[in-house]
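A short write-up of the structure that comes next.
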Amino acid sequence: MSTDTINPNFDQHKVKPKAPKIEELINECKSVMMATISEDGTPLVSTAPYSRVGNEFQILVSFMAKHTKNLRDRKQVSFMFVEDESVSKQLYARHRLTLDTQAELIEKENPLYEKAIADLRERHGKVVEILDNLEDFIMFNFKPVKGSYVNGFGSAYFIDENLQVMEHRHGAHGQHNVDKK
């Protein structure tokens, strides 16, 4: 990790944005962080290995886990793929993709289930077969709605449901200054 300091004369309007590497970041991550909301509005952050079919993501989880109840009861889930801390040059500017998604339960009879299980097996090994055969494990599919991608200071983008860059973000946090792509 770098111990670089930020220049006090930093002007993010003069920063040249870095080219997004969304696919590379997703492929580097073996798991995804997800935020769900409980019935009383309490947020819960969790993580799970994922598979990917097209631009959608799938996870295999125990129905006994707290996040699973949240997934079943409320369909809005925030996903985050984030650069490994050990390779980040600056933790404040860590590369990250955050997606607003809609969750849906996938039944074992659904062809998507078999595709996702095959991908999970390839990515994570035999443990997936064991979990898939347990009665308490179920699968969810997550469809991206929109998101944001950050890959450095002054280099942030709005992302669409197809994981494509819509526009470059600039300005202070909370401001919505954008450059159309």
Side-chain angles (χ1 to χ4, degrees), residues 1-2 4 6 10 12-37 43-61 67 71 75-104 106 112-113 115-125 128 139-181:
M1 180 179 76
S2 172
D4 295 343
I6 297 176
F10 175 77
Q12 83 178 50
H13 295 288
K14 294 180 182 176
V15 173
K16 183 177 178 185
K18 299 177 193 168
K21 295 183 178 179
I22 295 167
E23 289 299 320
E24 290 89 337
L25 179 61
I26 292 171
N27 291 332
E28 288 171 7
C29 294
K30 293 181 181 176
S31 62
V32 63
M33 288 183 260
M34 59 184 165
T36 60
I37 302 290
L44 175 69
V45 176
S46 186
T47 186
Y50 73 92
S51 68
R52 181 177 178 189
V53 177
N55 286 329
E56 298 178 4
F57 303 91
Q58 303 76 38
I59 62 168
L60 186 64
V61 292
H67 59 251
L71 291 170
K75 306 300 182 199
Q76 293 175 310
V77 180
S78 181
F79 262 30
M80 179 181 267
F81 298 90
V82 63
E83 177 183 43
D84 188 317
E85 286 183 9
S86 67
V87 299
S88 179
K89 292 179 182 170
Q90 175 48 260
L91 291 181
Y92 281 102
R94 242 166 112 186
H95 297 209
R96 58 197 175 272
L97 171 66
T98 305
L99 298 172
D100 296 341
T101 70
Q102 289 290 315
E104 67 178 332
I106 306 173
L112 178 58
Y113 188 99
K115 287 179 186 176
I117 285 293
D119 184 60
L120 282 168
R121 267 191 229 114
E122 184 177 317
R123 291 169 56 91
H124 304 290
V128 174
M139 186 176 291
F140 285 91
N141 185 58
F142 300 87
K143 294 181 182 181
V145 176
K146 63 181 179 176
S148 64
Y149 175 76
V150 175
N151 64 349
F153 291 113
S155 189
Y157 302 87
F158 290 111
I159 306 300
D160 69 14
E161 70 278 3
N162 297 311
L163 309 180
Q164 299 299 309
V165 172
M166 291 187 333
E167 48 201 351
H168 174 244
R169 294 172 30 181
H170 62 83
H173 287 288
Q175 293 179 350
H176 296 287
N177 298 329
V178 296
D179 296 327
K180 296 281 185 188
K181 181 118 168 104

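The structure presented is a predicted model; accordingly, all values stated were derived computationally and were not measured.
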### Query
Would the number of heavy atoms belonging to other residues, nucleotides or ligands and lying under 6.0 Å from CD of Q76 be above 12?
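No.
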Student check: side-chain heavy atoms of [X] and [Y] closer than 4.5 Å:
| X | Y | answer |
| --- | --- | --- |
| H67 | M34 | yes |
| E161 | K143 | no |
| E85 | L91 | yes |
| S78 | T98 | yes |
| V32 | L99 | no |
| N141 | V53 | no |
| D84 | E28 | no |
| L163 | I26 | yes |

Closest contact, heavy atoms only, [X] versus [Y]:
| X | Y | answer |
| --- | --- | --- |
| K30 | H124 | O-CE1, 3.1 Å |
| I106 | Q58 | CD1-CG, 3.9 Å |
| S155 | H168 | CA-NE2, 4.1 Å |

Just verifying a value: how many Å separate [X] [atom1] and [Y] [atom2], rounded to the nearest 0.5 Å?
| X | Y | atom1 | atom2 | value |
| --- | --- | --- | --- | --- |
| I159 | L97 | CD1 | CG | 6.5 Å |
| S46 | I59 | OG | CD1 | 7.5 Å |
| M80 | C29 | CE | SG | 10.5 Å |
| S31 | R123 | OG | CZ | 9.0 Å |

### Query
Do F142 and Y50 make the cut of ring centroids closer than 6.0 angstrom?
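Ring-ring flag for F142/Y50: false, centres at least 6.0 Å apart.
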Can any side-chain N or O of [X] pair as donor or acceptor with the backbone N or O of [Y] at less than 3.5 Å?
| X | Y | result |
| --- | --- | --- |
| N162 | Q164 | no |
| Y149 | K21 | yes |
| T101 | V77 | yes |
| R94 | E83 | yes |
| S148 | Y157 | no |

### Task
Could you check E23 against R52 for salt bridge (charged side-chain N to carboxylate O under 4.0 Å, His left out), going step by step and ending with a plain yes or no?
CA-CA 11 Å; E23 289 299 320; R52 181 177 178 189; 2.7 Å; yes
### Query
Knowing that exactly one of V61, L112, I117 qualifies, which makes a side-chain contact (heavy atoms from CB on, under 4.5 Å) with M139?
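Of V61, L112, I117, side-chain contact (heavy atoms from CB on, under 4.5 Å) with M139 is met by I117 alone.
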### Query
Is the F57 ring parallel, tilted or perpendicular to the F81 ring (thresholds 30°, 60°)?
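If you compare the ring of F57 with that of F81, the planes turn out tilted.
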